[in-house]
Amino acid sequence: MYDYLIVGSGLFGAVCAYELHRAGRSCLVIEKRPHIGGNIYTETIEGINVHKYGAHIFHTSDKETWEYINRFAEFNSYINSPIARYKNECYNLPFNMNTFTKLWADVLTPEQAKARIEKERGERYSEVPQNLEEQAINLVGQTIYEKLIKGYTEKQWGRPCNELPPFIIKRLPVRFTFDNNYFNDRYQGIPIGGYTQIIEKMLDGIEVRLNTDFFDDRAYFAAIAKKTIFTGAIDRYFNYCFGPLEYRSVRFETETLDTENFQGNAVVNYTASDVPFTRIIEHKHFEFGKQPKTVISREYSAEWRMGDEPYYPVNDEKNNALYARYAELAEKDRSVIFGGRLGRYMYLDMHVVIQKARELATEEING
Ligand code: FAD
Ligand code: UDP
């Protein structure tokens, strides 16, 4: 009998397994996919590390978490600076002086940019924004909303901006400096050689069974360990007894091209509504690659249906209330702990996943 059954070999499961194993607990990790790593998995194509389940940039302001992840890989100095493409125009993101001066020929200084945005908000300023459209207009005014936000957001979420919660856009920085860094965090980078090595090192010496779905034999798995750490979908665990939680899914169309440099940047967002995909990732630029070929992925956002890969939880009121009912059920069963992005039904960046997994492991180890 194992001390812990860990369902899922993503970052959450792997950090838990690593910490518990180090503390002398026996662990079995099961993973339904044919590989470890969950959504941070990278695979090598033409010598390029391809982020198979979406582009992943590590960023944090927490020194301890940064030092922790650096134990498992060396990080490069990549700074995420996406480009927004609207029809035949390219703009820098996040919204900053480079964006404003390109958009408005008569804007050259921060003061002029602020005045222009003020004018663009005009009558449409909302004291307390009720939805994403109102929030966006408050932040950057009408033109940027229409060119760089509306189309992208509606493609990404499959809902009109005036029906989406304001907080989604709040995390996008707006700056009055010429600074294209997408994140405000102190530490940022990409692991040289990809993310999979990180998970491999964490799981070194731990028994892992791939192509193994917990639900194929849940009675057997429930009996095999004293406790289960479950990082799959919480609603599925409880047989959807209150109904399924909603997600947004993404379809990736990955292509190898016989060209050295396709778009000159790792991330280009397509913000117009008549382009069906949301963005194109050119993977080599994450590691400043010089390979003769290139690999790109077009991302198509889609409504999640049963059997699809769930990517983004839809944390609106309805789904959060539903999740709360599942969380209440989970509280009653002391033999299983839910964690990670599917277990907690929460969009979690990697650094937060590491912090939460370490906290859980510490609690378990100290009893
Ligand atoms: P997952 O990686 O989903 O791992 C869960 C694992 O459990 C999976 O391998 C799954 O196959 C397995 N599993 C599920 N059910 C079962 C079952 N029944 N039996 C066996 N195995 C099962 N974070 C950042 O910090 N920076 C970024 O740039 C960034 N970009 C992202 C882009 C996208 C498109 C997405 C979706 C997320 C992004 N994230 C980013 C978040 C990051 O992916 C997560 O923080 C991290 O992957 C969460 O790890 P996890 O272990 O909780 O979940
Ligand atoms: N967003 C946008 N235009 C862009 C990039 C982002 O309108 O070019 C909005 C969109 O609503 C998105 C939100 O900002 O959902 C957050 O963007 P971020 O890139 O942080 O989202 P991610 O894709 O990483 O979840």
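Whatever order the structure lists them in is the order used to number ligands and atoms, beginning at 1.
- We find that Arg305 and Glu303 are not joined by a salt bridge, their nearest charged nitrogen and carboxylate oxygen being 4.0 Å or further apart.
- Between Tyr152 and ligand 2, not a single N/O pair is under 3.5 Å apart.
- Not less than 6.0 angstrom separates the ring centroid of Phe215 from the ring centroid of Phe221.
- Counting atoms of ligand 2 from 1 in the listed order, those under 4.0 Å from a heavy atom of Asn269 are 4 (C), 5 (C), 8 (O).
- For ligand 2, the atoms lying closer than 4.0 Å to a non-hydrogen atom of Leu93 are 8 (O).
- For Ile168, heavy-atom contacts with ligand 2 shorter than 4.0 Å involve the backbone as well as the side chain.
- Among Phe95, Tyr86, Tyr311, Tyr182, the residue whose heavy atom lies nearest to atom 17 (O) of ligand 2 is Tyr182.
- At a threshold of 4.0 Å, the pair Glu64-Arg358 counts as salt-bridged, since one of the basic side-chain nitrogens sits closer than that to a carboxylate oxygen.
- The six-membered or imidazole ring of Tyr312 lies away from that of Tyr247, with a centre-to-centre distance of 6.0 Å or more.
- Under 4.0 angstrom from ligand 2, there are no non-hydrogen atoms of Leu164.
- If you look at ligand 1, the protein residues with a non-hydrogen atom under 4.0 Å away are Val7, Gly8, Gly10, Leu11, Phe12, Ile30, Glu31, Lys32, Arg33, Gly38, Asn39, Ile40, Tyr53, Ala55, His56, Ile57, Thr212, Asp213, Phe214, Phe215, Thr231, Gly232, Tyr311, Tyr312, Gly340, Arg341, Tyr347, Leu348, Asp349, Met350, Val353.
- The single protein non-hydrogen atom nearest to atom 23 (O) of ligand 2 is Gln156 NE2, 3.5 Å, given as residue, atom name and distance.
- The closest side-chain heavy-atom distance from Tyr195 to Asn39 is not below 4.5 Å.
- Between Glu309 and the choices Lys32, Arg33, Arg251, the salt bridge (Lys or Arg N to Asp or Glu O under 4.0 Å) rule is met once, by Arg33.
- Scanning all protein heavy atoms for the shortest distance to atom 25 (O) of ligand 2 gives Arg171 NH2, 3.0 Å.
- Looking at atom 11 (O) of ligand 2, its nearest protein heavy atom turns out to be Thr153 OG1, 2.8 Å.
- Numbered from 1 in the order shown, with element, the atoms of ligand 2 that lie under 4.0 Å from a heavy atom of Leu172 read 1 (N), 6 (C), 9 (C), 14 (O).
- For the ring pair (Phe, Tyr, Trp, His ring centres under 6.0 Å) test, residues two or more places apart in sequence or in another chain that qualify with Phe252 are Tyr311.
- Salt bridge Glu364/Lys227: present, at least one basic N to carboxylate O contact under 4.0 Å.
- For the 3.5 Å distance criterion, the side chains of Asp179 and Asn181 fail to qualify, holding no donor opposite an acceptor.
- For Tyr240, the ring pair (Phe, Tyr, Trp, His ring centres under 6.0 Å) test picks out no residue, with sequence neighbours left out.
- Classification of Glu133 and Lys150 as a salt-bridged pair fails, no side-chain N sitting under 4.0 Å from a carboxylate O.
- In terms of polar-atom proximity, defined here as any N/O pair under 3.5 Å, Tyr347 makes no such contact with ligand 2.
- The local environment of CZ in Arg71 is crowded, with over 12 non-hydrogen atoms from other residues, nucleotides or ligands closer than 6.0 Å.
- Shown in contact with Ile169 at under 4.0 Å from a heavy atom are these atoms of ligand 2, numbered in order with element: 9 (C), 14 (O).
- Under the ring pair (Phe, Tyr, Trp, His ring centres under 6.0 Å) criterion, His351 pairs with His59, sequence neighbours left out.
- Between Tyr91 and Phe100, the ring center distance fails the sub-6.0 Å criterion.
- For ligand 2, the atoms closer than 4.0 angstrom to any heavy atom of Thr271 are 8 (O).
- Of the heavy atoms in Ile149, both backbone and side-chain atoms come closer than 4.0 Å to ligand 2.
- Of all the atoms in ligand 2, the ones that sit under 4.0 Å from a non-hydrogen atom of Leu148 are 2 (C), 3 (N), 4 (C), 7 (O), 8 (O).
- Taking atom 15 (O) of ligand 2 as the reference point, the nearest protein heavy-atom neighbour is Trp157 NE1, 3.0 Å.
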